[in-house]
Amino acid sequence: MRLSRSFAMASFATVITAAAIAVIAPGPAAADNVSAARGVPPCGHVLFDVTSTPVARPVNHVLVTLTNTGTEPCAAYGAPILRFPGSHTSAGVWADSGPGSVVVVRPGESAYSGLTASAADGSGADGRRADRAFLRLQGERGELVGPLARMELRPDVWVDSKATVTHWQATAENALAW
């Protein structure tokens, strides 16, 4: 989904509440510390694409990729606020997945989040197939920024009440470690 800055400022009727607020991991495209992100706009205020990729391992995981398609760097704060159709709440956030630095995403580069779509042991409630999810991004203080983005899930993914995401990571490997 490609979004313009003016579209990113538009209001949306759907409001998704944040399940957690935290900072995220450094990597090759990331700053060494939070201070390097000062003055860099949140990724919700630049052009971006959000995609999902099913992975074979770990079980029930999907890789969420945020790609900066704009012309200036952006900061991927916290975790994606992810909601599935028919859900009344957002996916949970792995609290331990935020090691302390903000991922600064340069144009053409990406940040990653691991989605555990359902409990592997079947202990989650409200299980169902989902063909899409809705995602919001966070600003520096955990506020929602930018537009509501629709992310296709192909093939359809089994989701339940135990769905969780990691904080944004600089590498896919780090995102899928949770």
Side-chain angles (χ1 to χ4, degrees), residues 1-3 7-8 10-25 42-45 47-69 74 76-98 103 105 110-139 142-169 171-178:
M1 159 175 247
R2 178 170 250 177
L3 302 165
F7 183 69
S11 307
F12 288 91
T14 304
V15 176
I16 300 174
T17 55
I21 300 169
V23 286
I24 42 189
C43 288
H45 293 308
L47 295 173
F48 66 88
D49 284 329
V50 177
T51 58
S52 69
T53 306
V55 295
R57 298 184 73 143
V59 67
N60 301 340
H61 277 61
V62 174
L63 181 66
V64 178
T65 304
L66 169 73
T67 302
N68 181 346
T69 59
C74 67
Y77 290 101
I81 307 304
L82 196 71
R83 192 171 196 173
F84 302 101
S87 282
H88 299 290
T89 60
S90 299
V93 176
W94 286 105
D96 295 341
S97 69
V103 177
V105 187
S110 300
Y112 306 91
S113 176
L115 164 63
T116 305
S118 60
D121 64 1
S123 63
D126 194 26
R128 66 202 175 284
R129 293 231 169 258
D131 62 354
R132 66 193 177 281
F134 299 98
L135 182 140
R136 290 290 304 266
L137 301 175
Q138 295 184 40
E143 73 280 13
L144 298 179
V145 295
L148 181 68
R150 178 182 165 138
M151 180 177 70
E152 300 297 322
L153 298 170
R154 298 285 182 242
D156 293 359
V157 173
W158 184 261
V159 299
D160 65 24
S161 62
K162 301 275 180 137
T164 54
V165 293
T166 66
H167 293 89
W168 290 114
Q169 307 288 327
T171 68
E173 294 78 20
N174 286 350
L176 293 173
W178 298 94

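The first residue in the sequence is number 1, and the count goes up from there.
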*Asks:* Give me the atom names and distance for the closest heavy-atom approach of A111 to A76.
*Replies:*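 Minimum heavy-atom separation between A111 and A76: CB-CB, 4.1 Å.
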
*Asks:* Would you say S110 and T65 are linked by a side-chain donor-acceptor pair, where the criterion is simply a distance under 3.5 Å?
*Replies:*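 Absent: no donor and acceptor within the cut-off.
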
*Asks:* Is a side-chain donor or acceptor of D160 paired with a backbone partner of A119 at a separation under 3.5 angstrom?
*Replies:* yes

*Asks:* Check the pair M151, T51 against side-chain contact (heavy atoms from CB on, under 4.5 Å), reporting the backbone distance first and the verdict last.
*Replies:* CA-CA 6 Å; M151 180 177 70; T51 58; 5.8 Å; no

*Asks:* Distance-only, no hydrogens or angles: does the S118 side chain make a donor-acceptor pair with backbone N or O of V159 under 3.5 Å?
*Replies:* no

*Asks:* Is a donor on one side and an acceptor on the other found under 3.5 Å between the side chain of Q138 and the backbone of P80?
*Replies:*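 Between the backbone of P80 and the side chain of Q138 there is no qualifying donor-acceptor contact (under 3.5 Å).
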
*Asks:* Rounded to the nearest 0.5 Å, what separation is found between the OG atom of S90 and the CZ atom of F134?
*Replies:* 12.5 Å

*Asks:* Rounded to the nearest 0.5 Å, how far does OG1 of T53 lie from NE2 of H61?
*Replies:*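 OG1 of T53 is found 14.0 Å from NE2 of H61.
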
*Asks:* Determine, for R129 against D131, whether the closest basic-nitrogen to carboxylate-oxygen distance falls under 4.0 angstrom.
*Replies:*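 Result for this pair is no, no salt bridge flagged.
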
*Asks:* If we only count heavy atoms from C-beta on, is the I81 to L135 side-chain gap below 4.5 Å?
*Replies:* no

*Asks:* Where is the tightest heavy-atom contact between S52 and E152, given as atom of each residue plus distance?
*Replies:*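 So the minimum-distance heavy-atom pair works out to OG-O, 2.6 Å.
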
*Asks:* Which atom pair, heavy atoms only, marks the closest approach of V105 to N68?
*Replies:*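 Smallest interatomic distance, heavy atoms only, reads O-ND2, 2.9 Å.
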
*Asks:* What is the minimum heavy-atom distance between A79 and T166, and which atoms define it?
*Replies:*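 Scanning both residues, the minimum pair turns out to be CB-O, 3.6 Å.
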
*Asks:* Given side chains that start at C-beta, do those of P42 and C74 come closer than 4.5 Å, heavy atoms only?
*Replies:*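 They are not in contact (no side-chain heavy atoms under 4.5 Å apart), so the answer is no.
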
*Asks:* Can you see whether T164 engages W94 through a side-chain donor-acceptor pair at a distance of less than 3.5 angstrom?
*Replies:*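 The answer is yes; a qualifying pair exists.
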
*Asks:* Go through the structure and list residues passing side-chain contact (heavy atoms from CB on, under 4.5 Å) with D126, not counting sequence neighbours.
*Replies:*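 Once residues adjacent in sequence are excluded, the partners of D126 under the side-chain contact (heavy atoms from CB on, under 4.5 Å) criterion are R128.
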
*Asks:* Could you state the interatomic distance from CG (L66) to OG (S113), rounded to the nearest 0.5 Å?
*Replies:* 10.0 Å

*Asks:* To the nearest 0.5 angstrom, please state how far the OG1 atom of T89 sits from the CG atom of L82.
*Replies:*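 Taking OG1 in T89 and CG in L82, the distance rounds to 11.0 Å.
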
*Asks:* Do you know the tightest heavy-atom contact between F84 and L153?
*Replies:*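 What the structure gives for the nearest pair is CE2-CD1, 3.9 Å.
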
*Asks:* Please report the interatomic distance CG(L137) to OH(Y77), rounded to the nearest 0.5 Å.
*Replies:* 12.5 Å

*Asks:* Is a side-chain donor or acceptor of H45 paired with a backbone partner of C43 at a separation under 3.5 angstrom?
*Replies:*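 A pair under 3.5 Å: no.
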
*Asks:* Give, for atom CZ of R83 and atom NE2 of H88, the distance between the pair rounded to the nearest 0.5 Å.
*Replies:* 8.0 Å

*Asks:* Between Y112 and N174, is there a side-chain heavy-atom distance shorter than 4.5 Å?
*Replies:*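 No, too far: nothing below the 4.5 Å cut-off.
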
*Asks:* Distance-only, no hydrogens or angles: does the Q169 side chain make a donor-acceptor pair with backbone N or O of S97 under 3.5 Å?
*Replies:*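 At least one qualifying donor-acceptor pair exists.
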
*Asks:* For A120 and V59, work out which heavy atoms get closest and say how close.
*Replies:*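 The answer is CB-CG1, 3.8 Å.
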
